[in-house]
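Here is the structure we will look at, set down as structure tokens.
Sequence lines set the chain letters: A, B, ... in the order given, protein chains first and strands last, and positions in each chain run from 1.
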Amino acid sequence: MSTKTRPAPETDTRTTYREAVRAGLRDALLRDERVFLMGEDVGRYGGAFGVSLGLLEEFGPDRIRDTPLSESAFVGAGIGAALGGMRPVVEVMTVNFALLALDQLMNNAATLLHMTGGQLNVPLVVRMTTGGGRQLAAQHSHSLEGWFAHIPGLRVVAPATLEDARGMLWTALEDPDPVLVFEHGSLYNDAGELAPDAGPVDLDRAAVRRTGSDLTLITYGGTLRTCLTAADTLAEQGVSAEVVDLRTLRPLDDETFLASVRKTHRAVVVDEGWRSGSLSAEVSARITEQAFYDLDAPVERVCSAEVPVPYAKHLEDAALPQPAGVVAAALRAVG
Amino acid sequence: MSTKTRPAPETDTRTTYREAVRAGLRDALLRDERVFLMGEDVGRYGGAFGVSLGLLEEFGPDRIRDTPLSESAFVGAGIGAALGGMRPVVEVMTVNFALLALDQLMNNAATLLHMTGGQLNVPLVVRMTTGGGRQLAAQHSHSLEGWFAHIPGLRVVAPATLEDARGMLWTALEDPDPVLVFEHGSLYNDAGELAPDAGPVDLDRAAVRRTGSDLTLITYGGTLRTCLTAADTLAEQGVSAEVVDLRTLRPLDDETFLASVRKTHRAVVVDEGWRSGSLSAEVSARITEQAFYDLDAPVERVCSAEVPVPYAKHLEDAALPQPAGVVAAALRAVG
Amino acid sequence: MSTAVLSRESTDLDLLRGMLRIRRFEERCAELYSATKIRGFLHLYVGEEAVAVGALDALGPDDAVVSTYREHGHALARGLPMTSVMAEMMGKEAGCSHGRGGSMHLFDAAHRFYGGNAIVAGGLPVALGLALADRMQGRPHVTACFFGDGAFAEGEFHETANLAALWRLPLLLLCENNRYAMGTSLAREHAQTDLALRAASYGLTSWPVDGMDVHAVRDATRAAVEAIRAGAGPHFLEVLTYRFRAHSMYDSDRYRDKAEIAAWKERDPITSFTAHLREDGLLDADTLAALEAEVAHELDEAVAFAEDAAVEPVESLTRHVYSER
Amino acid sequence: MSTAVLSRESTDLDLLRGMLRIRRFEERCAELYSATKIRGFLHLYVGEEAVAVGALDALGPDDAVVSTYREHGHALARGLPMTSVMAEMMGKEAGCSHGRGGSMHLFDAAHRFYGGNAIVAGGLPVALGLALADRMQGRPHVTACFFGDGAFAEGEFHETANLAALWRLPLLLLCENNRYAMGTSLAREHAQTDLALRAASYGLTSWPVDGMDVHAVRDATRAAVEAIRAGAGPHFLEVLTYRFRAHSMYDSDRYRDKAEIAAWKERDPITSFTAHLREDGLLDADTLAALEAEVAHELDEAVAFAEDAAVEPVESLTRHVYSER
Ligand SMILES: Cc1ncc(C[n+]2csc(CCOP(=O)(O)OP(=O)(O)O)c2C)c(N)n1
Ligand SMILES: Cc1ncc(C[n+]2csc(CCOP(=O)(O)OP(=O)(O)O)c2C)c(N)n1
Ligand SMILES: [Mg+2]
Ligand SMILES: [Mg+2]
């Protein structure tokens, strides 16, 4: 069930999530001349989060294309460029600003193939930073990837590991349809080992990141770490938690999390979105629909408090999912 | 549990949903000089769906204010006007165009009160037509009210009856916070009896529109009729369905539908949004969380197919929830 | 199609035929709408035919076209078969969008006809991207984008105009200024109603054109397209025109003065062009009658084709949400 | 506050004090950021002080102000107590937004200071509505909205400018053109970089102003505000300025030429205004020292106040999502 992994060769080196995304972009730019990166400050500035640092110097201003502040126009231009035979990677600096481009994403990117009876593919990749936790307050802390996953015609992925940070971009660019890639802002400095020749990863399956027997923690992206930490704590308390990383939020890979729940009979779904209408609600509903008689306890959700995320650290911490909250929900489920 | 209703006086007259909304607007404009209506073609044209026909002549161009095609600016202007002491009713012609104003709704209207520590209320009402069923194809058939209900700080209501069409606007205008009112396009010609002096209705409670004992159909807005039709068919087959109209989609009134489910032990949730991430998912998750041990069967959902809504009638019918689909789901639940 | 063909060499009769095809097609559509064979929204182009015919005559087959929900004229002038357009109007699988789009969403990849966009101004950013793709791949093509005076008020216009000029993309912005956005007149949409002047403020080369004169539109578009191909950057044409009918079949047209409508009908692009050809002795009654007969025949065949055509099987509803792999 | 007060009668010393307060406040904020007492994004205004001080000196207490995420200067010049602003920077309940907003979201209803908006151009439509509300209620107030050269590229600017001019609203658009949007220079943001000229194309009365000269900014703003109050409709000022520091604390400023920065620092609005006052004999060393001491004292007190202030109890996290009823 887990994603393709290859035995790590001797040559393994330490790298960060930021570098892994950058390597993925370089791979793509070197591999396919139709690929270009477009967005605010991707070039001279090096990307608001430093992801594209150095790419302008290597690939030039045509392929590392700085845009003015015009989210709707440059996301729409990515759609048009994809229709015109290019393989654009559009960077929307953060998901908070993608609201300005939602019409282009929902009414054009997601719709054109179906509405034209299969005539027009939109091989567009849109990357954006998502999530809170850095005291950026209400307008800069949205976690909307689960919300975007409501839209048919889009594929939505959330790399949580170095391997996915690098490999998902490759697979996304081979996808004939629009793919939104959500990078959680708190992950960029994560460091670890990654094969220098790490390649594409499949986007069709969720991954079991930790095996366990007493309950299943289902999550993705920025809260994978939260769940792994919670699983450690639970282990100390004698509770064995399996952790499923959804990886792709649309279309969801039901089989992987259902298989886990059928095994553990208990589930806690965790994401950083606001609770009402969260992706966790969808996962909970699907478990009820497909594994109701396997459940020994109601499916629990741990999401963000339903408030605009505040600036003050203690309030922000209280608003976002924390390991302690996951542990508490897990203990309710097994208790 | 049901909404305030008063004995219908002798003077009852036949009216349509369209006329009921118009009467609600007139009530408000007559009652409070701070109220004004602003949007595309609300004035000289009379409203894209004829709702505001005649109001320009009665109240003049200052209070019945035609706008250019600038959704983000005039929705944002509604927010500013509300901050400035007015009581704007902004009409976004249809929800499909509200995507262009989502930044203003999420980052300003929904956020200002909390982000300012309670300093700035936004007493704004935004009305929009929602839903499919009129062969308007992919870009003009969205049902996004359940999706908007994800946003904390907004109140989201969906009048399904003549009484609510008229009364919800009144209550919404008394609300110190932003309220989105979603009118399903297929309801405007619905006709029935409404007291000429019909007044405000509460926005806090869902309503039981039909009582039953075997299962609960939970819905709102455009699909209330679908469920009532399905309930008739089910009755013929000896299945007694209770029908709950959520009325307010955010915040949800859990008590009403939970009480019904605790009584019937079975639930089918119906809405016109795309299934994944639908409001039905949220309702299903809440039932699981709060009434798991009362359930005799998994909660079912009947939503729209996960496709851009096509133009051709037979395809559109197949894409949208129909009574037959609700009946089938209900029979699965009781079967 | 060869990239050598940079524009058609249509005769005046071709131009007249082009306008007649659109006019008669839409008159029939109005009837079919009343007969409930066409449903949804129907936005007629009657009165504006010279714009589509003149402008698209100046484009080559490899150029790209992006249009609006009022695009029957653009689709026909672009060369989409009337059969597939009529079948689309009726929601049949043989339609140019397989019956999934209807009147507002005519598409044809083979003709580089990119819709059929029902979100006002929504096509502009897409057109920008099509032009960018041609530029980045070194192709000599131009992308022409039709939009209205109402669309000019949307933020998307502003962002697209600036980016096109900033990047000097091969984009032709064709603003069909028919003086109304639904029921809202130009003076209620815009503080400054000289749209060509405003377009110039972005650094776009821009001028107004008489949209009731098919020659004027064709010549202006040719000049713009040649300049764009020569690398002069994006151009903007404010095409002054008028719709003779209501905004859509739902519109009772309460907001327009009957005298104003009558005055514009005096300038009907078809009758005036016909008169002009007859004065110059380029057209006689028989030829005109033959032309009308030819168009009527094509239209009858298109309607028959569409009526007989099958609808897509309901089983395939979920096809093409994602590509088949 | 009485509506009689239409603008302050500040002395030159007041203007200098105003600029010094902002400069010293932000220098301290940078230190407190390194000391991790301030977190999140911090956008400094250093170099642009003459804009806030000059412009806000021309407004009355009942006028409304809408600003951006680079708004410390606007907030202080508007009269928000330095204590409540510094407490906000540190996330304390005594902050002007109760610690919930931080640097990017300074608000104060009592001063009609409407943020503190972190979505670029997001404040423009709100300012439009504030002006509309004043107009509809017959109040003589002006709404002033600050935004940057980058915001000018967003669709929201276009829509707001057109609506303000169309409805002749009492709106003053103050474009702080500091020549960069993050790392993107003016010439890479806009095809046509004369923003005042472009604003005029909307029918806005518009002109450029030297943003490094506090008198020039104050006089231009006064003229615009008087005209607006007199019913002359919305105005646009392109205030030419420059930020001396990086975009934010995360920015290594790789994209600006050191010589360019140095040249602009030559025109530091505070040193040049100080020199000008000294030349004219309006300021001597002792007075300046006293002024600096006064500002330093106010700042120390603000920091002490903020450090000692309590944070909001975590229990109240969910307060004010909706109004208490
Ligand atoms: C974003 C958006 N807002 C509103 C509408 C509803 N609508 C459809 S056409 C139209 C008027 C457009 O006017 P214009 O751009 O001048 O084109 P015309 O119809 O005159 O050809 C409106 C308001 C829409 N389709 N999209
Ligand atoms: C809609 C939106 N897009 C992008 C950003 C990220 N961002 C913050 S400030 C900024 C530059 C804005 O430049 P300008 O308007 O000139 O203001 P300045 O920072 O120069 O004062 C950008 C791109 C944002 N906050 N909002
Ligand atoms: Mg028009
Ligand atoms: Mg700037």
Side-chain angles (χ1 to χ4, degrees), chain B residues 33-36 38 61-63 65-88 90 100-101 103-104 106-124 151-155 174-179 204 250-251, chain D residues 64 66 88 93 95-102 105-110 112 114-119 121-137 139 141 143 154-164 166-167 169 312 316-325:
Chain B
E33 63 183 10
R34 299 169 307 170
V35 171
F36 67 103
M38 165 165 69
D62 237 43
R63 297 184 70 196
R65 187 171 285 266
D66 281 321
T67 67
L69 281 113
S70 301
E71 285 78 7
S72 193
F74 70 72
V75 169
I79 296 167
L83 291 172
M86 301 297 288
R87 290 292 180 271
V90 172
L100 293 165
D103 170 65
Q104 287 296 322
M106 190 185 292
N107 283 319
N108 288 339
T111 302
L112 276 166
L113 183 66
H114 190 269
M115 185 167 66
T116 61
Q119 290 179 80
L120 297 181
N121 286 96
V122 181
L124 167 70
I151 306 169
L154 300 180
R155 180 184 283 269
E174 286 170 350
D175 196 308
D177 302 318
V179 181
D204 299 323
R250 183 178 191 97
Chain D
V66 178
E88 188 59 37
E93 188 168 21
C96 58
S97 302
H98 297 202
R100 294 171 164 201
H105 299 298
L106 305 174
F107 283 87
D108 188 335
R112 297 205 76 200
Y114 295 99
N117 295 283
I119 303 297
L124 284 158
V126 175
L128 182 75
L130 284 161
L132 176 62
D134 281 332
R135 150 67 54 80
M136 290 183 84
Q137 290 167 103
R139 294 184 300 230
H141 314 149
T143 297
E154 293 278 7
E156 279 61 31
F157 168 76
H158 174 73
E159 297 182 0
T160 301
N162 178 49
L163 270 162
L166 183 65
W167 292 345
L169 297 179
E312 183 174 7
S316 64
L317 169 65
T318 55
R319 276 192 68 194
H320 305 309
V321 177
Y322 298 96
S323 300
E324 277 145 20
R325 295 188 278 182

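Contact check on D177(B) versus R155(B) returns no salt bridge, with no Lys/Arg side-chain nitrogen under 4.0 Å from an Asp/Glu carboxylate oxygen.
Here the options are R34(B), E33(B), E174(B), the test is side-chain contact (heavy atoms from CB on, under 4.5 Å), and the partner is R87(B); only R34(B) passes.
Considering only heavy-atom pairs separated by less than 4.5 Å from chain D, the leading option among L120(B), T111(B), I79(B) is L120(B). Interface remark: of the candidates R319(D), Q137(D), E159(D), H158(D), E159(D) forms the most heavy-atom pairs closer than 4.5 Å to chain B. If you tally non-hydrogen atom pairs under 4.5 Å between each of A127(D), A118(D), G122(D), G101(D) and chain B, the highest count goes to G122(D). The choice from T143(D), N162(D), T318(D), I119(D) that makes the most heavy-atom pairs within less than 4.5 Å of chain B is I119(D). Counting heavy-atom pairs under 4.5 Å between each of G155(D), G116(D), A133(D) and chain B puts A133(D) at the top.
Here the straight-line distance linking atom CZ of F74(B) with atom CE of M38(B) works out to 8.0 Å at 0.5 Å rounding.
The backbone N or O of V66(D) sits nowhere less than 3.5 Å from a side-chain atom of R112(D) that would complete a donor-acceptor pair.
At a 4.5 Å heavy-atom cutoff, the contact between Q104(B) and chain D is made by side-chain atoms alone. Only the side chain of R65(B) has a heavy atom closer than 4.5 Å to any heavy atom of chain D. At a 4.5 Å heavy-atom cutoff, the contact between L112(B) and chain D is made by side-chain atoms alone. For a residue to count as touching a neighbouring chain, one of its non-hydrogen atoms must lie under 4.5 Å from one of that chain's; by this rule R325(D) touches chain B with the side chain only. Using a 4.5 Å cut-off between heavy atoms, L124(D) makes no contact with chain B at all. For chain B, the nearby part of N117(D) is the side chain; its heavy atoms alone come within less than 4.5 Å. If you measure heavy-atom distances from E71(B) to chain D, the contacts under 4.5 Å come from the backbone alone.
Counting all heavy atoms, side chain and backbone alike, P123(B) lies closest to M86(B) at CG-O, 4.2 Å. The two residues A77(B) and L128(D) have their closest heavy-atom pair at CB-CD2, 3.8 Å. Closest approach of Y322(D) to I151(B), counting heavy atoms only: OH-O, 4.3 Å.
Under the side-chain hydrogen bond (donor to acceptor under 3.5 Å, both in side chains) criterion, E312(D) pairs with R100(D), S316(D), not counting sequence neighbours.
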